Amino acid sequence: MLLKKSLSLLCLLLTLNVAAQIKGTVTDDKGNPLPFVNIFEENTYNGTTTNDKGKFTLNVKGENPTIIFQYLGYKTVKKSITKNEFTENLSITLTEENITLKEVVINPKDNPANEIIRNAIKHKKENSEKTARFKSDFYSRGIIRLKDLPKTIMGQKLDMFDEILDSTRSGIIYLSETVSKITFQKPDKMKEVIVASKVSGKDNGFSFNNAASVNFDFYENYLPFEINVVSPIADNAFNYYKYKFEGSFFTENRQQINKIKVIPRRETEPVMEGYIYIVDDSYSIYATDLSIKGNQMQSPAIDKLTLKQSYSYNANNKIWVKNTQTLDFVAGMLSIKVNGRFTYVYSNFEFEKQFDKKTFTNEILSFQENANKKEDSFWNTIRPVPLTEEESTDYVKKDILQTKKKSKVYLDSIDAKHNKFKITDILNGYSYNNSFKKWSFNYDSPFTSIAFNTVQGWNANIGLSYVKRNEEKRTYTRISSKFDYGFSEEKIRATANFTHKFNNTNNSLLYFNGGSSVNQFNASNPISNIVNTVSTLFFKNNFMKLYEKNFVSGFFGREVVNGFYMNVGAEYAERKPLYNTTDYTVIKNDDLYTSNNPLSPNDETSAAISKHNLVKTNVLMRFRFGQKYITRPDGKYNIPNDDYPALSLGYEKTFAATDKNYEYDFIAARVNYDVTLGNKGTLQMAFKTGKFFNADNISFVDFKHFNGNQTHIGQSESYTNVFNLLPYYTASTNDSYSETHIEHNDKGYFMNKIPLLKHLQSQLVLGFHNLAVPDRKPYQEFSVGLDNLGFGKYRLFRVDYIRSYQNGYQGDGVIFGLKFLNVLE
């Protein structure tokens, strides 16, 4: 083992000796530093770029290499470096390029830009194939800054960054680097191994920077942002862009480069603007400098995002390949202003005709051992883009701060300040932390959970919890309890639970729960407390129907193999009927509350169930086919594969019931499939089916209940789990059933083209829902709606018109989507 380590160290030293390092600064002829200059060794794929201050570092392999300095708008410089200059700090000056503008064209049909773009589209498959399979080294660096952070927002203090911000409350909140080896095959097969990872202020941190998440390929029709953004050389690009020929220039090897201005036809669509540079003969991409606004890609928090790419040319194989990329953004909401840059360098390409079938697996990223333990000497040798003074200072500052923050004295002092109890904590809630030992005790105020229903009247609950965390392994243990009191019912109920997460690799989770609680007959809880409170007090619509459960339950779940999750649970429960105890209302009228019996809403004396006990066991299996994943030392992170559906299978059995008639068997299946339709939006589909056995006389609690919505208030992002006009319990069954939910969100594809309406920046949503149960005609709903409604950056509303059918027309209605209610619940 010792010999093996010694040989590895020797090989590393030999490698470092072979690669000589040159450093320098690139400026314009006025002495201004030039950022993002493309620098590479001639006829190789060994390159780098300058930092914000024009500084660069390049490890070269040749004895007397020729270095190319390439920058948009400036003449390319070719410089031969001698051994004597390896130790010098080179100064490179670039002068502005003389871009030749051809004769102005009046007839738009003869627009030279259009002809160049048509040829780029015609040749893009050929050009894309040249870089379809490769191995390369990859470097990334990300920096995010806060600017002028307010001290409070809506009365809440923003003091979590006080120690790292300057007097203007500005500074770096995130700085990270990675060095990795990537193997890639178009369009999306990736294998990445992180060799080194560094996060400012975290000596055990692992960066989330990776190559797969920034694979922006303009040869593809779409760029994968929040939604698919149309490439300027997409097959249908002329439907979205206009082009202007800005002129051309020649590279050092006499290749003509055409500068094309990219102009959106409609500002509301997911399109970019700026410049794309096309090589004249091969129609390959030479560079891109393109921007997009946040509202165009439906990321309202982002003001502007700019993507720049530079390509280098190798005369040996005549391939243009992307070797540098930057992603700049400016964002902000609620007076919080953020900006940042992510820099990426690809180098040492090896192009392959074909990869072995076993090259790519579902694991798309992994970390080498001790990837986050590299010394500064390693980074100084391998880092292709020098740190700026700001970045170097941040590393030093946060390293010192981290050492300080880990000390018991510091953590105890922070806790002493945080743990001070104030009288207002009775209203707002309170937590007591022991940061050094990684545990906390929390109190949830009853004033934050006040609600109303006709069974309990006004009710509120007090929550108490203890949490012990292991931050390195991302595991935890949680013990909590809740005490719920109904003022009209004059009864208190309590529950307690225990949760332990064993690891973050297969997400093994053990959960126990027990006590007494009030529950909706539909375990999916289709009516939220806040919506029910308003509906009941102001409209006398007490749709929430409740029963009491005294129980003890538990389950254990884990991912068995990648993509296959399974949990097993059991519950012993006593179920008891409940009755209305109040007729209180805010808006006085002559209407009476319906009873708490969902089967007989006008009968106050009868109940839907009789008191009984039983034991319920269940098994749930979930399959996510083709699931990709990232393996990090602190856990496994799953990435769904949109090419395949997700399948869930469940089996439930009851026994030991008070009455044998309450015992049954039940199987269920569900398929979810979300499909991205290019730039035409997303199609979401959910199919459910189930079947009861020996269930003729089971309790109404155990029926299959369907998610209706008589409140006309929607809270979810999509409606693929609800029938928006179906009364809550009219279709409940103890036999068999099948559900179909289909919803298409155009993501603005149609709405962005409609005059006037396009300024709403809304999304057209079309829906279809079908429910089939025995002895009933199929129930169907058709809907059309607008999503992403709101003001400025705040897009929290949705409106849908629904029409329902069951053996003919049944009715119609409007659903108002208030997605912000999810935050309040």
Side-chain angles (χ1 to χ4, degrees), residues 429-432 439-468 476-501 509-530 532-533 544-557 567-581 596 607-618 620 652 654-658 662 699-702 705 825:
Y430 172 75
S431 63
Y432 182 94
W439 62 265
S440 63
F441 175 81
N442 305 285
Y443 153 76
D444 297 326
S445 167
F447 294 96
T448 61
S449 63
I450 293 176
F452 182 87
N453 62 64
T454 56
V455 170
Q456 296 176 287
W458 287 104
N459 60 90
N461 59 73
I462 293 174
L464 302 174
S465 63
Y466 166 86
V467 182
K468 173 74 173 177
Y476 64 89
T477 300
R478 187 175 190 271
I479 303 172
S480 64
S481 60
K482 185 173 74 173
F483 301 88
D484 180 80
Y485 184 73
F487 287 86
S488 174
E489 191 185 25
E490 296 183 345
K491 184 170 183 177
I492 188 170
R493 295 178 177 86
T495 58
N497 65 63
F498 169 87
T499 309
H500 179 69
K501 185 176 183 180
L509 188 72
L510 180 65
Y511 178 81
F512 291 106
N513 190 20
S516 179
S517 63
V518 170
N519 299 270
Q520 295 187 46
F521 282 94
N522 186 345
S524 298
N525 297 321
I527 313 172
S528 68
N529 284 328
I530 189 170
N532 182 71
T533 298
M544 184 182 284
K545 306 304 179 183
L546 306 167
Y547 73 97
E548 179 176 291
K549 182 168 72 172
N550 303 305
F551 68 100
V552 58
S553 68
F555 78 81
F556 175 76
N567 73 44
V568 179
E571 175 186 84
Y572 169 77
E574 176 192 62
R575 289 90 162 267
K576 298 170 63 176
L578 294 174
Y579 301 88
N580 289 346
T581 63
N596 188 50
I609 63 171
S610 300
K611 177 182 174 182
H612 64 278
N613 302 354
L614 58 69
V615 174
K616 179 185 294 186
T617 59
N618 57 72
L620 174 65
E652 187 172 275
T654 62
F655 56 90
T658 306
Y662 290 143
S699 168
F700 188 69
V701 172
D702 297 311
H705 305 293
E825 276 295 311

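A quick note: this is a predicted structure, and the numbers were derived from the prediction, not measured.
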Should we say atom CZ of Phe556 is surrounded by more than 12 heavy atoms from elsewhere, each under 6.0 Å from it? yes
With a 6.0 Å cut-off (strictly less than), is the heavy-atom count around NZ of Lys501, excluding the residue itself, greater than 12? yes
Could you give the distance from [atom1] ([X]) to [atom2] ([Y]), rounded to the nearest 0.5 Å?
{"X": "Glu548", "Y": "Gln456", "atom1": "CD", "atom2": "CD", "value": "9.5 Å"}
{"X": "Asn442", "Y": "Asp444", "atom1": "CG", "atom2": "CG", "value": "7.0 Å"}
{"X": "Thr448", "Y": "Asn461", "atom1": "OG1", "atom2": "CG", "value": "7.5 Å"}
{"X": "Thr617", "Y": "Phe655", "atom1": "OG1", "atom2": "CZ", "value": "5.5 Å"}
{"X": "Thr495", "Y": "Phe551", "atom1": "OG1", "atom2": "CZ", "value": "6.0 Å"}
{"X": "Ile479", "Y": "Phe498", "atom1": "CD1", "atom2": "CZ", "value": "6.0 Å"}

Quick check, are the ring centers of [X] and [Y] under 6.0 angstrom apart?
{"X": "Phe441", "Y": "Tyr466", "value": "no"}
{"X": "Phe700", "Y": "His705", "value": "yes"}
{"X": "Tyr485", "Y": "Phe483", "value": "no"}
{"X": "Phe521", "Y": "Tyr547", "value": "yes"}
{"X": "Trp458", "Y": "Phe487", "value": "no"}

Decide yes or no on side-chain contact (heavy atoms from CB on, under 4.5 Å) for Leu578 and Val518, but give the supporting numbers first. CA-CA 9 Å; Leu578 294 174; Val518 170; 4.1 Å; yes
Answer yes or no: is there a donor N or O on one side and an acceptor on the other, between the side chain of [X] and the main chain of [Y], under 3.5 Å?
{"X": "Ser488", "Y": "Thr581", "result": "yes"}
{"X": "Ser524", "Y": "Pro526", "result": "no"}
{"X": "Ser517", "Y": "Asn519", "result": "no"}

Ignoring hydrogens and angles, state whether a donor on the side chain of Asn613 or Tyr572 is under 3.5 Å from an acceptor on the partner side chain. yes
Distance only, no hydrogens: is a donor on one side chain within 3.5 Å (strictly under) of an acceptor on the other, for Asn550 and Ser516? yes
Quick one, [X] and [Y] - any side-chain contact, counting heavy atoms below 4.5 Å?
{"X": "Gln520", "Y": "Met544", "value": "yes"}
{"X": "Val552", "Y": "Asn513", "value": "no"}
{"X": "Leu546", "Y": "Asn453", "value": "yes"}
{"X": "Tyr511", "Y": "Asn497", "value": "yes"}

For Asn529 against Thr533, the heavy-atom pair lying closest together: O-OG1, 2.7 Å
Going through the distances and angles, do Lys549 and Glu574 end up as a salt bridge (Lys or Arg N to Asp or Glu O under 4.0 Å)? CA-CA 6 Å; Lys549 182 168 72 172; Glu574 176 192 62; over 6 Å; no
Between the side chains of Asp702 and Lys616, is the shortest nitrogen-to-carboxylate-oxygen separation below 4.0 Å, so that they form an ion pair? yes
Does Tyr443 form a ring-ring contact (aromatic ring centres under 6.0 Å, His included) with Tyr430? I'd like the steps, not just the answer. CA-CA 5 Å; Tyr443 153 76; Tyr430 172 75; 7.6 Å; no
